[in-house]
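The structure presented is a predicted model; accordingly, all values stated were derived computationally and were not measured. In what follows, every chain begins at residue 1, and chains take the letters A, B, ... in the order their sequences are listed.
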2 protein chains.
Amino acid sequence: MSELVEDLIVNAVLDAIAEQRLPAGTKLGEQPLSDLFSCNRANVRRALATLAAQHVVELRPNRGAFVMTPSPQEARDVFQARRAIESTIARQAAGRASVEDIAFLRTNIQDEAQARTDGDKPAELRASRQFHMRLAQIAGNLVLERFLSELTMRSTLILGLYSATGSSSCAADEHDRIVDALEAGDGGELIRLTDIHLRHLEAGLNFDAPPAAPMSLRDQLLSGG
Amino acid sequence: MSELVEDLIVNAVLDAIAEQRLPAGTKLGEQPLSDLFSCNRANVRRALATLAAQHVVELRPNRGAFVMTPSPQEARDVFQARRAIESTIARQAAGRASVEDIAFLRTNIQDEAQARTDGDKPAELRASRQFHMRLAQIAGNLVLERFLSELTMRSTLILGLYSATGSSSCAADEHDRIVDALEAGDGGELIRLTDIHLRHLEAGLNFDAPPAAPMSLRDQLLSGG
DNA sequence: CTAACATGTATTGTTAACAATTAATGATGA
DNA sequence: TCATCATTAATTGTTAACAATACATGTTAG
């Protein structure tokens, strides 16, 4: 289980972004990170390079690393890519889901609803992301799974920047109907519902809101440790 | 035009892989690379981390970096992902192609045919890859374009390992008909032809061939400079 | 009071030296 | 002759010090 330090950093940053503890634009200084993870700057640098390769972090020469701030055009591209990938995932997942998969998704929906009523935004976002990622795992394609992992991460940044209403995450009843179609093995319906679901998510964006101000670093990273 | 050293290394390796000058399994030592590009090892390490994030290079701790050797399962996943992405690209590209785009694709097909008759495998692979990447550019989605870039790279490695017949690259007449559909603005036909094209490519694989032996490094990287 | 400028500080980028691990070589013994 | 083991060489991993760049503060002139 001993993981490499570089992966620790990468996963900590990804988790923090996935739960919107790290908003777009936040600076990721090398010394703060190497202090937090008690390692040298070389490992931090490699981790930042890995994150930059996933377009989750922006690397400005001589300036440092910043959490990516997606443009409206980028938002459009990301959601179009999600529809492309998640429709294929839906097609593959139909008829492949085990009873454990269905059970996991059902409880996941409940967890998300609970988090929403509790006002626990990080938990809500985490659950919502887990729902989509579990579907990808059911589909059994590691390439699509990794692509979707990156896209959901970037979606979180986009929603954090441009979410118009309070609808910053998925509608719970849509998730419900998706599991119904999955359990019934109705591939066509599953694809249709997934596409609609993603379009609803994208429709909830408005691109006139100013970007939020970046906040401090230690609090954000350590609350998910 | 002054590019960062790290990007130089990344692009050189990617180009070499795209033209099959770097076969799967080749070791990418840090000192040889830093000598070739006359830089320090830190830059090489960052470049290798970036390549590893694209699953084009495998990073084994304490062993070094190696050109990825895709498994048969990975090959299946890659081609399924390509169908998912390139079908969406086809839908977007239909009706968006300019006359310059069409002209480029036509001459590209000629170049590829010429390279094939000349027996110039690198040029043939380069042209074939450029064809698919140009379609992605026409579609105008940077996310899908980057995903496809990674997938075509990995496809080249897969074809280098598992190509059964001499059909290690695309059938030229299929490219021809794809351009016809694109020029006619027939989206449905374009999607259909693209899907068939990719299935033909995948059908040409056989997974009983042993992997080829790795070769030296300097010759492979410098012949494409 | 504002704007441009100069200084000092902090951060990133680079380099070299050292430690640790792995691969390779050759010797030894069955 | 082959397998095992010790030694040696080469490569990766780590660390620290230094250089260069950008940022922030405070100053000065208009």
Taking only N/O atoms, report every protein-nucleotides 14-20 of chain C pair under 3.5 Å with atom names and distance.
residue: C/dT15; atom: OP2; partner: B/Asn40; partner atom: ND2; Å: 2.5

Query raised in the report: In whole Å, what is the span from the CG atom of B/Leu4 to the P atom of C/dG13?
Result: 9 Å
Query raised in the report: Between D/dA10 atom P and B/Leu28 atom CG, what is the distance in whole Å?
Result: 20 Å
Query raised in the report: Is a side-chain donor-acceptor pair under 3.5 Å present for B/Asn43 with B/Glu6?
Result: no
Query raised in the report: So, A/Glu150 and A/Arg146, do they make that salt bridge, N to O below 4.0 Å?
Result: no
Query raised in the report: Could you state the CD-P distance from B/Gln31 to D/dA9, rounded to the nearest angstrom?
Result: 16 Å
Report summary line: salt bridge (charged side-chain N to carboxylate O under 4.0 Å, His left out) with A/Glu30: of A/Arg46, A/Arg63, A/Arg41, only one passes, and it is A/Arg41
Query raised in the report: Would a 4.5 Å heavy-atom cut-off, applied to side chains only, mark A/Leu22 and A/Leu28 as touching?
Result: yes
Query raised in the report: B/Arg63 side chain: which of D/dC23, C/dA23, D/dT11 is closest?
Result: C/dA23
Requested in this report: Taking only Lys NZ, Arg NE, NH1 and NH2, and the carboxylate oxygens of Asp or Glu, determine whether B/Arg154 and B/Glu74 approach each other closer than 4.0 Å.
Outcome: yes
Report task. Start with the C-alpha gap between A/Arg129 and A/Ser149, add the side-chain angles, then the distance that decides, and say whether side-chain hydrogen bond (donor to acceptor under 3.5 Å, both in side chains) holds. Result -> CA-CA 9 Å; A/Arg129 185 166 183 271; A/Ser149 172; 3.1 Å; yes
Query - Euclidean distance, atom CD of residue A/Glu30 to atom P of D/dA20 [Å, nearest integer] - result: 18 Å
**Report entry** Atom pair distance, as rounded to whole Å: CZ in B/Arg60 and P in D/dT11
**Finding:** 16 Å
Report task. May I ask you to verify if any side-chain N or O of A/Lys27 is less than 4.0 angstrom from the OP1 or OP2 atom of C/dT12? Result -> yes
Query raised in the report: In terms of side-chain heavy atoms of A/Asn62, which of D/dT11, C/dT11, D/dA22 is nearest?
Result: D/dA22
Query raised in the report: Taking CZ from A/Arg46 and C1' from C/dT12, how many angstroms apart are they, rounded to a whole number?
Result: 19 Å
